[in-house]
Structures are given as structure tokens and as C-alpha cells.
Amino acid sequence: MTTLNTLKTFINQRLAVAVDEIFGLLETTILNYEEEINRQRRLLEHERTEIKTEAQQPMRFRVIIDHDIKKITFQNGLPSSVEDLIKVFQQAFSITTAIGLQYKDADFDDFFTLTSTSDLKDKDTLKVVHMPPGIIMTMVRQEPNPDTSDVSSVDDMLSVDSQDNLIPSPPVTERHNLWPTIFPIPTFSYNTEMALRQGNEKFLKDGTLLTSPSVKSDILERLAEAMFSYTAYPNDPQRTAVAQALIEKHPCLREPGSFNGCYGWQQSLKYKCANYRSKLKAHGNPELLINTMKHKQEGDRKPAKNIKKPRKSEVNYLPPHLAGETDDSLENVRLELIAASRTKDNVQRINDMMSRTYSCRRREVVGQAMHVTEFKERWPALFDPKQINEEFRRCNTIPLESTFISQLDKYTPKFLELFSSKGGAVGQRMKSVLIELIKDPHASVMKKRDVTLRCLIEYMGESVQELISDYYRTAEDQVHEDLKTQSMRIYVCHQPDAVGIIIDGTPVLTGLENMSRACCLLLGLTYALNLDYPPKLAKTFEVFQRLFVGLDMLQPKPSSKYINLKNKLFL
């Protein structure tokens, strides 16, 4: 019995220890399980917080608007549709015209039309594309034609996008792009593209060049057409740029023995563009017809005399009328425009009519060279700062004031640094103007712009007095009388303050806020009225055109003064 009791006691002790161990392990397991659950819960909450934070994270975009680069931030996510996004852009950047949006795709390194906001990521680059004004697509149901004798010609006329046969109106023929920095070589015909692909492969393999007359003919025809979409009269540097872009894309087209591999292409393009212009004259293109013999004045009837073509990099120098418009219909619009300009709150209507009559107005300023007084009577709505800006956009596809002022502000610090370090007599003249900023370190932006422009004129080796006339305690009417003999002048009155512009002795703009805006609008008027730059201010206006608004068609060659200034700005 003693042994049995001892065994029983031993077993009970061992069972108690085992139970304690089991409960200990169970307790530990439960604690570990609870800790794991808590850890997973914390991780889940953290992930939810990150997702929520990411959803609320601002989206930032780099925005290209014409020649400006800007930034926009969406704090609470993007609009759900592209249409709503466009409205936000129009409001944010004060864009009144119709626009589209393109985004830069990282895979192709090129811009594509934006069709869904879901394609966008933070820090993407967007481009604002101005939609062509006045495009109206008229869709007409085509009645069944029992005559099917010429099916091919009917098919060529129709665009079958649905069950209905639709006839689109002719496209707008105004140009909408500046000459590109790198010329985009167009796609040629299928046969030519196949020949070029095989030619490039052979060239890379053994250096064999492609010499096919039919291929060359097609290439020249397509290139002439592509160049005409930018300018009717491409110059030598532009033809060189096209030829170089061609052989870079298709190296099998290089020319043996040529100093740059493409000189023969340059010369061929020169003659092909001339032939292409001759073909278009038959279709009544006004930009070409104006230089025909019968349209020239009696003393200018020579082929190369008094050629009217863009001299200041104009894009739409002399466009044809919009589809459906005639001289008579546009004359009626002009008369309505005169009546509308006499009343207020007609801004949008006036702008629409000014856009419709742009081609008519260009024929007058280019072909007839009217005196500014007569032109002001015929087109009073043009002589308003808003319409000068719009006319500049119609002519050059870019906004005037926003581009001019932003570029001026961008280079002002560097300008002031250059002007301060200038020595000699020019430096002394500039220091007498710069002293105003030295005396007032907290001068307004307007004051800095005024001083910068005055010094810029002197820096370019020209005289401020040739462009700006300052008056003190003189009535504006007396100023107008005093400047009657001046062909182009900005006047700045002090006490009472007044700023305006005189052209051919006629006050064309008054009530301007400051001198920098007057310079900007004066540049716009030289384009709107097709005026030459004053010879004694040619270098200053060259800076206005090439640097401040970015209009540079590679020719005429920049002056040495401008090249020197630009080199110092970009050091």
C-alpha cells in the first residue's frame, strides 16, 4: 500500500506539473496570438492611413502654355473628366479660348492627347493646345443618288463614320504652330517608307546609299507640303534644318562628297518649294497671289521686287478667308463690328467678329498699306489692348502680354547685373537711370521694368529718346500736338500721369498703366499694322521679338549686339 500511495502521489504531482505546463503554453500561445492580432491590426490601420494619405496627396503638374512653363497643384485630387480638367485650366490660367490637353508619355517620350484623367500621375508634364478658332463641322445627310456611274468619285467625297453619309466642311487653313526647333519629318508614301527602311538597313550594314529618283521625288513633295504648313517662304537656314533632320532620320539619304551630307537636298528643297507655291497659286492662295505680276503696282512689276512675305516671323501673315466667307460677307461683318465697338459689354461678340474678319484685315494692311488714321476709322475695335493681344495671337499663335512680361521679369535680375557692370559713356547713361533703383531698394515691379527697358535701349547702342518721350506737368492734348510729326513714339507724362502710343502722328492708344506695357503693345501694333521696326531702334525691337516673345525664324541673321547680349544672359 505504501508503494501504491507513493506512486499515486508521484503521478498526481507529475499531472499537476503537466497541467501547469499545458496551461502555461496555452497562456503563452494566447498572448502571442493576441499580440499578433494587435500587430496585424496596427499594420492594417497604418496601410489604410497611407492609402488615405496617398489619395489626399496633392498632385502637381508641369504645364506648358505656348512658350511659358507653369505649375499647377490639385490639393484634393483630379476632376473625374477631361472636360472638367480643361475648365480648371482655363480658369487657373485665364484662358478664354477653346483648348485641349496633351500629356507626355514616359514610354514614348512624346505628347499624346489626354482622354482620361486616370492616365495622369504626380509631376507629369501637360501641354495646353489652343484649338483652332472658328472650326465648324457641318454635317449634312446625303440623299440617295440614283446615278452610280462614278462610284469612286462619290466615295472620295464622303466620310462614312456611321450609317449616314456625312460631308464635312473644308478645314480651316490658318497655321497654328511656330516653326519647330527640330523639324518633324513627315511619313511618306508606303512605297517610299519601305524603300527607306531597306535603305537604312543596308546603310548601317555596309554603307550603301539609297539613290532612287522616284523616292527622292516623293520625299521632296511631302517635305515641301510640310514646310508650307509652317511658312510659305522658308529661308536658307530653315531648308538646311529640314535637310539635316531628313538625313538624321534616314542616313541612307546622305550625299557623298557634300560638306554637310545634305547640301543637294537643301538646293532641291529650294526649287521644290518654289514649284509647290506655283501650284498653290492656281487655288487662289492670297499669300502667294499678292506677289504675282498683276497684283503688283506699276513700278514694282518685276519677279523679285517688293516681295510681300513675313519679315518678323509672322505665322499667319496673309491667310485665306474662312470657309463660307466672301469679301462681301466680311464687309458686312466689318460694318457690324463698327456699330458693336460703340457699345459696351460686347467683348465676346467683338472678339468673334474680329476673328472672322482677320483675313480681310490682313489684306488691307499688307496689300494696301493704309495710313493708320484711315485704318483706325475702318477697324476701331482693333485699337484696344485686349484686341491687340488677340490680333497678335491670331498672327503668331502665342499670347503677347503674358509672354512679353514674363520673359522681361525672368531676365530682369541678369539685365540689372549687366547694366551695373557696363562702363564707358553708355554705362554712365545707364547709371543715371539705375540710380532710381539704388535710392529705392524696395521699388515696385513696374518701376524695375521701366528702368530695365530704358537701360536695355542704351545697352543695345540706341537712344531712349528715339522711343520714349517724357513730359512733366504737360496736358496730354498738348503732348499729342507736340508729337504730330513722329512716326512711332511712346509718351510718358508725369503730373498728371499718362502713358500712350503715337503712330504716324496719330494717338492710337491712351490710358496705359505703365511704360513696359506700352512697349509690349507697341510691338503688338507693329504686327497688327504690318509696320517695319524704326531703323534707329531695330536692335531694341529685335530683343523684343526674339527674346521676349520668342519669334525667331532663323533669318535674318541675329545682329552681333543681340548675340552678345544673349551669350551674356546665358552664361
Side-chain angles (χ1 to χ4, degrees), residues 132-138 140 167-176 228-229 231-233 277-301 306-311 314-343 346 348-384 387-388 390-397 508 525-531:
I135 290 184
I136 302 175
M137 189 68 76
T138 305
V140 181
I167 302 177
S169 64
V172 174
T173 51
E174 287 186 1
R175 300 185 179 96
H176 303 290
F228 191 86
S229 68
T231 177
Y233 295 93
R277 288 194 296 268
S278 298
K279 292 179 182 179
L280 290 182
K281 286 178 185 177
H283 298 287
N285 186 291
E287 193 170 6
L288 305 176
L289 284 178
I290 197 171
N291 290 316
T292 57
M293 292 295 187
K294 66 178 182 180
H295 285 87
K296 289 187 176 183
Q297 296 181 2
E298 190 68 32
D300 294 335
R301 289 181 179 173
N306 195 23
I307 298 295
K308 297 182 184 297
K309 61 181 181 179
R311 307 290 182 184
E314 297 94 333
V315 178
N316 289 305
Y317 181 69
L318 195 57
H321 294 329
L322 296 176
E325 300 287 3
T326 64
D327 290 343
D328 293 336
S329 67
L330 292 178
E331 176 63 17
N332 292 333
V333 176
R334 186 187 70 82
L335 296 176
E336 293 176 14
L337 189 56
I338 293 176
S341 63
R342 293 172 182 156
T343 60
N346 269 334
Q348 187 58 49
R349 182 165 174 255
I350 288 174
N351 193 59
D352 292 341
M353 288 191 289
M354 288 290 286
S355 295
R356 285 179 62 187
T357 54
Y358 175 69
S359 58
C360 179
R361 205 159 43 253
R362 292 302 294 180
R363 292 189 184 190
E364 292 186 9
V365 298
V366 174
Q368 301 179 27
M370 292 184 181
H371 190 275
V372 67
T373 305
E374 182 183 357
F375 195 78
K376 190 176 180 181
E377 291 176 357
R378 290 181 56 80
W379 303 97
L382 177 63
F383 296 87
D384 176 84
Q387 279 308 313
I388 292 173
E390 288 301 317
E391 194 81 347
F392 191 84
R393 188 195 292 274
R394 296 178 196 115
C395 186
N396 301 300
T397 75
V508 293
L525 283 168
T526 64
Y527 281 85
L529 303 177
N530 194 40
L531 302 175

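All values reported here derive from a predicted model rather than from experimental measurement.
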**Item:** All pairs passing side chain to side chain donor-acceptor pair (under 3.5 Å) where residues 277-289 contributes a residue, at least two apart
**Value:** Arg175-Glu287
**Request:** Please round to the nearest 0.5 Å and tell me the distance separating atom CZ of Arg356 and atom CG of Leu330.
**Result:** 7.0 Å
**Request:** Nearest 0.5 Å please: distance from the CD atom of Glu391 over to the CZ atom of Arg362.
**Result:** 7.0 Å
**Complete:** Applying salt bridge (Lys or Arg N to Asp or Glu O under 4.0 Å) to Arg334 and not counting sequence neighbours gives Glu331
**Message:** Going by the rule side-chain hydrogen bond (donor to acceptor under 3.5 Å, both in side chains), which residues pair with Ser229 if we only count those two or more places apart in sequence or in a different chain?
**Reply:** none
**Complete:** To the nearest 0.5 Å, atom OG of Ser359 lies from atom NE2 of His321 at 4.5 Å
**Item:** Residue list, side chain to side chain contact (heavy atoms under 4.5 Å, CB included) with Lys308, at least two apart or on another chain
**Value:** Ile290, Asn291, Asn306, Tyr317, Val366
**Message:** Run the side-chain hydrogen bond (donor to acceptor under 3.5 Å, both in side chains) test against Arg378 and tell me which residues pass, sequence neighbours left out.
**Reply:** Glu364
**Request:** Provide the closest heavy-atom pair for Ala528 versus Val365 in the form atom of the first, atom of the second, distance.
**Result:** O-CG1, 3.7 Å
**Asked** Looking at side-chain heavy atoms only, is the closest gap between Arg394 and Gln387 below 4.5 Å?
**Response** yes
**Request:** May I have the step-by-step check of side chain to side chain contact (heavy atoms under 4.5 Å, CB included) for Glu314 and Asn530, ending in yes or no?
**Result:** CA-CA 10 Å; Glu314 297 94 333; Asn530 194 40; 4.1 Å; yes
**Fill in**
Sorted by chain and number, sequence neighbours left out, ring-ring contact (aromatic ring centres under 6.0 Å, His included) with Tyr527 holds for Phe392
**Message:** Checking the side chain of Tyr358 only, and the main-chain atoms of Asn316 only, is there a donor and an acceptor separated by less than 3.5 Å?
**Reply:** yes
**Asked** Taking all atoms of both residues into account, what is the closest heavy-atom pair of Pro380 and Ser341, and its distance?
**Response** CG-OG, 3.6 Å
**Request:** State whether a side-chain donor-acceptor pair under 3.5 Å links Asn332 with Glu336.
**Result:** no
**Message:** Going by side chain to side chain contact (heavy atoms under 4.5 Å, CB included), name the residues that satisfy it together with Thr526, two or more places apart in sequence or in a different chain.
**Reply:** Lys312, Met488, Leu523, Leu531, Tyr533, Phe541
**Request:** Start with the C-alpha distance between His176 and Thr397, add both sets of side-chain angles, then the distance that settles side-chain hydrogen bond (donor to acceptor under 3.5 Å, both in side chains), and finish with yes or no.
**Result:** CA-CA 6 Å; His176 303 290; Thr397 75; over 6 Å; no
**Fill in**
Those residues at least two apart in sequence (or on a different chain) that pass side chain to side chain contact (heavy atoms under 4.5 Å, CB included) with Val372 are Phe383, Ile503, Asp504, Thr506, Val508, Leu529
**Request:** Name all residues meeting the side-chain hydrogen bond (donor to acceptor under 3.5 Å, both in side chains) criterion together with Gln368; count only those two or more places apart in sequence or in a different chain, and write none if there are none.
**Result:** none
**Message:** Please report the interatomic distance CG(Leu318) to CZ(Arg363), rounded to the nearest 0.5 Å.
**Reply:** 6.5 Å
**Request:** Applying side-chain hydrogen bond (donor to acceptor under 3.5 Å, both in side chains), name anything that partners Thr326, two or more places apart in sequence or on another chain.
**Result:** Ser329
**Request:** Check side chain to side chain contact (heavy atoms under 4.5 Å, CB included) between Asn346 and all other residues, then give those that pass, not counting sequence neighbours.
**Result:** Ala340, Thr343, Arg349, Ile350
**Prompt:** Which residues satisfy the salt bridge (Lys or Arg N to Asp or Glu O under 4.0 Å) test with Asp328, sequence neighbours excluded?
**Reply:** none
